[in-house]
Amino acid sequence: MLMCQQVELSDRYNPQDVEGRIYQWWSRNGYFKAEEKSTRLPFSIILPPPNVTGSLHLGHALNHSVQDLLVRWKRMQGFNVLWLPGLDHAGIATQSVVERELKKENTTRQQLGREKFVERVWEWKNQYGGRILEQMRLLGDSCDWDRLVFTLDEGVSKAVRKVFVELYKKGLIYKGLKLINWSPALESAISDLEVEHKEVKGQIYHIKYPLADGSGALEVATTRPETMLGDTAVAVHPEDDRYRELVGKMVQLPLTNRTIPIIADQYVDREFGSGVVKITPAHDFNDYAVGQRHKLPMINILNKNGTLNENAGPYQGKKVQEARKQVVADLEKLGLLVKVEPHTHQVGHCSRTDCVVEPFLSEQWFVKTAPLAAPAKRVVESGTIVFEPESWTKTYLHWMNIIEDWCISRQLWWGHRIPAWNCANCKKVTVAEVDPDKCAHCGHAGLTQEEDVLDTWFSSALWPFSTMGWPEKTELQETFYPTSVLVTGFDIIFFWVARMIMMGLEFKHDVPFRTVYIHGVIRDAQGRKMSKSLGNAEDPVKLIEQWGADALRYTLISQIASGRDLKFSTQRLEGYRNFMNKLWNAARFSLTNLADFVTPADGLDALPSKSEMSHADQWIVYKLGVVEKEVDEYLKAYRFSDAANTLYAFVWNVFCDWYLEFIKPVFHGELDVTQKRATQLILAQVLNRIVRLLHPFAPFITEEIYQKLPIRSEAAIIDTYPHPRNDKALLALGSEEVATNMDLVREVIAAIRNIRGENRIKPGLKINVRLAPHDDKAQKVLGENKVAIMTMARLENCEIGEAGNLSKCAVQPVQLADMKVDVIVPLEGLVNIEEEIKRIRKAIEKLQKDVAVLTQRLSDPKFAANAPAEVVQQGQRQLEESKAQISTLEAALARLS
RNA sequence: AGGGACUUAGCUCAGUUGGUAGAGCGCCACCCUUACAAGGUGGAUGUCGUCGGUUCGAUCCCGGCAGUCCCUACCA
């Protein structure tokens, strides 16, 4: 063991030695590239564009693993594949990052000015943005990188403008004064979907509002006493007898000099509190609706930054929380505070900044969604777009039914500026694709552009076609629109999926994709959401470094079933790392035994004749055929975890555990040249299929192994995906009958191992065994596979024949299909027979349970009358077999003592 | 409040036309057997949440209840 170690493959698979090199090689060879024009069928996926500020998290890893799996599978199936990568400018997130930088420099974007600030964000983007794109390469994502699109690229911006202008002209975009969700931290509007409701423990304040005529007071309850400064009415239920006479009278609004009317409205719940509600139309969505019904004035008491404005009188300038305290204190002084009770309620928070969202009256731009939603609903109802899993269809349709107009303006600087100009002269709005130099209405040159930018999701909604060159006519769109599948999490069905469908139908007159595959969210081992604040977020880049990208991908894919959330644990990851190692070592073993194998001229098509093949060879080919079929069916049905688990079991429990063991004697024992050559061919072919089958799941290790295979083409990534249709010649060499025979052999070996294990016979000790077949067929099968049995069960001697004397013998009946064998192990002198007695008793007990259950069922005349004949027969057969096995075991037991 | 999902081995989950429950990890025992100790062989473990109904037969279909979770909308 000094200096003369041979250089060969390590017995540990080391992903770090492989992944970077392989990725570069793929990339250099252009395997990820799509053809704009092709005779091959298209398959396209657009990547949900990650935020330019983002870095890879496990959610991406899951999302991308699925997409890359599909893309690689389809590519191997011969499709012209496009996986189109992109990057989102992420208005709020990116602006916040740069604003934080400015803060460190003791300046603000306002001081810098809009133009300079936007320049600054671009600088940031060019320097730090898009780090995630590099991380995606670590995962193995096979995107067509040459086509990377950024949402602020010129082409996309053109598309955005065109869509805005056209929708405006159709009356589907309008500007209006409405109550919207306002984030005081961002000083911007946000959409309903960006509001997260959280349960907050607060208080409910009961306040007296004196009647203006001095004849008493009404008691109202509120969780937000400070908003009373903007009250313009109090409301009661129209049929509430307690207050019927008061409707139409006025109350004196405390802390102000205003009097406000008492109105009646169905909205009021008589049961709740005192049945009297204060109405603040400018700061509550329900009150806003009431206010509109009753034409109440709307008094806005807030500034954009969340402080109280001049309408709040003495409270002006205070923040909401301070004003609340002060208002309550002042009311108490006046004796108008009746009581304060603890109260938990749901409060809207900004999903970006986590500040409390304020309903705020302001002028914003909106998309009228009803006309767009109707066709978007129809294409899902009709099945033109299919959700996978199907259960999300309901969720989608439900949301489309209650959809409201979409507020698309944001008071930010980073994003697509709204292409609308206000005229200084006629005050009218000019909306145009190209910056206008004069007003479209009066021709005046004094135009100023709207300050606001568009919601980031506005450009995202156009993604399936804006990334392909729209509004220009392009080959890319001809070939790849509509895209094939959209892969995303359920959290953005409404933000994104629905809006893409609406926009695709409106502007391309076709759906943007055929299938929407929805996956769950990744949680930690305890089932908590992964988040930075909890500190339980695993960094996929670190995981890849430690365990390998393939192991990570396999871990995620293997548990993605049924669109449910999945729990992530490194323990499981370790298991799949082990699987990669297993595969690696199986390949090492195979390659060692193929070292002297000369690749035939016909390469991939090279096969032995069936007559040259061993039973094990025919068996593994048969099993391969079954697996190829199953995997194809699972993938087609989007059952990725089933496909992954099927392959895992085939590679480990069939190929490694049995086939490689079966063929060892062929390579190690006395050499039969023909047999060896046949087995080598089969081994090379089967390993080749395994590598290809696994490639979309574990691309790196499979490509690395593939490149060392004696039988292969250019690269795993572009080789054909195995399918029974493409593998006819090879699979024809498999035999179901032989496979069944080999399964009997496996069961016999398992029975001997079981006897050995239970009787604690040392693994190193070779023993003698008698096999007593009950029929000629079993006799033949055992005879032909004697070597395998002796090797794998570690036998000194194996007799096949009569059962003979059972004295002091362990006995185990085995049966499969129509073959029966008694496995007999003489224990004399080997072990303490107590263990064997226990073992047999245990086996008998188990069989007796079966007999009891079966007897009961079969003796029920109703069962015989109603159950299908097939089921009855099967039960009877099983009963007989179990009984026969019991008697065999009992006979053995009698001979033991 | 409305809608939906889930409840199966210690843990994570399969179980697709209703016919005597499976995997991985973990656990126990024995083994460094020349691909792999990141391995091998053997083993143990379940009133399939609970109560009813349909059925010859229910983990599976239907209903009630309990628990967990998600979504949507909100009662001031």
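Residue numbering restarts at 1 for every chain, and letters A, B, ... go by the order of the sequence lines.
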Could you work out the separation of B:U34 and B:A38 based on their P atoms and round it to a whole Å? 16 Å
Taking all heavy atoms of A:Leu594 and all of A:Gln680, pick out the closest pair and write down the distance. CD2-O, 3.4 Å
Rounded distance in Å - CH2 (A:Trp399) to P (B:U72): 10 Å
Using Watson-Crick or G-U wobble geometry with both distances below 3.5 Å, tell me the partner of B:G18, or none. none
Heavy atoms only, 4.0 Å cut-off, all strands: where does A:Asn593 land among base, sugar-phosphate and nothing? nothing
If you check every side-chain atom of A:Arg794, which of B:A35, B:C56, B:U33 has the closest atom? B:U33
So, for A:Asp565 and A:Val521, which heavy atoms are closest and what is the spacing to 0.1 Å? OD1-N, 3.0 Å
Measuring centre to centre across the rings, with the benzene-like ring taken for any Trp, is A:Tyr648 within less than 6.0 Å of A:Tyr576? yes
For atom C1', what is the distance between B:A73 and B:C56, given to the nearest Å? 48 Å
Distance between C1' atoms of B:A29 and B:U45 (Å, rounded): 16 Å
Base, sugar-phosphate, or nothing: which does A:Ala865 touch, judged by heavy atoms less than 4.0 Å apart? nothing
For B:A66, which nucleotide in any strand shown is its Watson-Crick or wobble partner with both distances under 3.5 Å? B:U7
Sugar-phosphate only, base, or nothing, as touched by A:Pro861 at under 4.0 Å among non-hydrogen atoms: nothing
How long is the line joining CG of A:Asp265 and P of B:C75, in whole Å? 14 Å
Name the closest nucleotide to the A:Lys862 side chain, picking from B:G24, B:A76, B:C56. B:C56
Taking a pair as Watson-Crick or G-U wobble with both distances under 3.5 Å, which nucleotide is matched to B:C60? none
Any chance the rings of A:Tyr554 and A:Phe579 have centres within less than 6.0 Å? yes
Comparing A:Asn866 with A:Arg572, nearest RNA chain B nucleotide closer to 5' gives the residue A:Arg572
When we call it a touch if two heavy atoms are under 4.0 Å apart, what does A:Gln874 touch: a base, just sugar-phosphate, or nothing? nothing
Let's test this: given Watson-Crick or G-U wobble pairing with both distances under 3.5 Å, identify the partner of B:U45. none
Against the side chain of A:Lys762, the closest entry in B:G26, B:C30, B:C36 is B:C30
How far does the P atom of B:G49 sit from the matching atom of B:C6, given to the nearest Å? 13 Å
Counting primed atoms plus P, OP1 and OP2 as sugar-phosphate and everything else as base, spell out the protein contacts along nucleotides 38-46 of chain B at 4.0 Å heavy-atom distance: B, S or - for each nucleotide, 5' to 3'. BSSSSSS--
Exam field: side chain A:Asn581 to backbone A:Tyr13, donor-acceptor pair closer than 3.5 Å: yes
Separation of B:A23 P from A:Asp642 CG (nearest whole Å): 15 Å
Taking the nucleotide of RNA chain B with the nearest heavy atom to each, does A:Asn286 or A:Phe655 sit closer to the 5' end? A:Phe655
Looking at A:Lys278, does any N or O in its side chain come under 4.0 Å of the phosphate oxygens OP1/OP2 on B:A76? no
Take atom CD of A:Glu661 and atom P of B:U34, then tell me their distance rounded to the nearest Å. 11 Å
Identify whether any heavy atom of A:Leu566 sits under 4.0 Å from a base atom; if not, whether one sits that close to sugar-phosphate; answer base, sugar-phosphate or nothing. nothing
Report the distance from atom CZ of A:Arg857 to atom P of B:G57, rounded to the nearest whole Å. 12 Å
G-U wobble or Watson-Crick pairing nucleotide for B:A35 (cut-off 3.5 Å, both distances): none
A:Glu226 CD to B:A76 P, in whole Å, measures 14 Å
In whole Å, what separates the C1' atom of B:U8 from that of B:A58? 14 Å
Please measure how far the P atom in B:U7 lies from the corresponding atom in B:U12, and state the result in whole Å. 12 Å
Hey, is A:Asp11 close enough to A:Arg588 for a salt bridge, meaning N to O under 4.0 Å? no
Within the structure shown, what part of the strands sits under 4.0 Å from A:Glu835 by heavy-atom distance: base, sugar-phosphate, or nothing? nothing
Okay, side chain of A:Thr280, backbone of A:Gly230: is any donor-acceptor separation there less than 3.5 Å? no
Quick test of your reading: applying side chain to side chain donor-acceptor pair (under 3.5 Å), list the pairs with at least one residue in residues 865-879 of chain A, sequence neighbours left out, ordered by first then second residue. none
Round to a whole Å and report the spacing from CD1 of A:Ile518 to C1' of B:C71. 13 Å
Between B:U59 and B:U54, how far apart are the two P atoms, rounded to whole Å? 16 Å
Under 6.0 Å from the six-membered ring centre of A:Trp547 and within 45° of its axis: does the NZ or CZ of A:Arg12 meet both? no
Does B:A1 pair with anything, Watson-Crick or G-U wobble, both distances under 3.5 Å, and if so, with which nucleotide? B:U72
With the side chain defined as heavy atoms from C-beta on, A:Tyr648 is closest, among B:C31, B:C75, B:G24, to B:G24
Integer-rounded Å distance: B:A35 C1' and A:Ile663 CD1: 11 Å
Closest of B:G19, B:A29, B:C75 to the A:Asp284 side chain is B:C75
Taking the C1' atom in each of B:A37 and B:C32, what is the distance between them to the nearest angstrom? 7 Å
With no hydrogens and no angle check, is any side-chain donor or acceptor of A:Asp284 less than 3.5 Å from a backbone partner on A:Asn286? yes
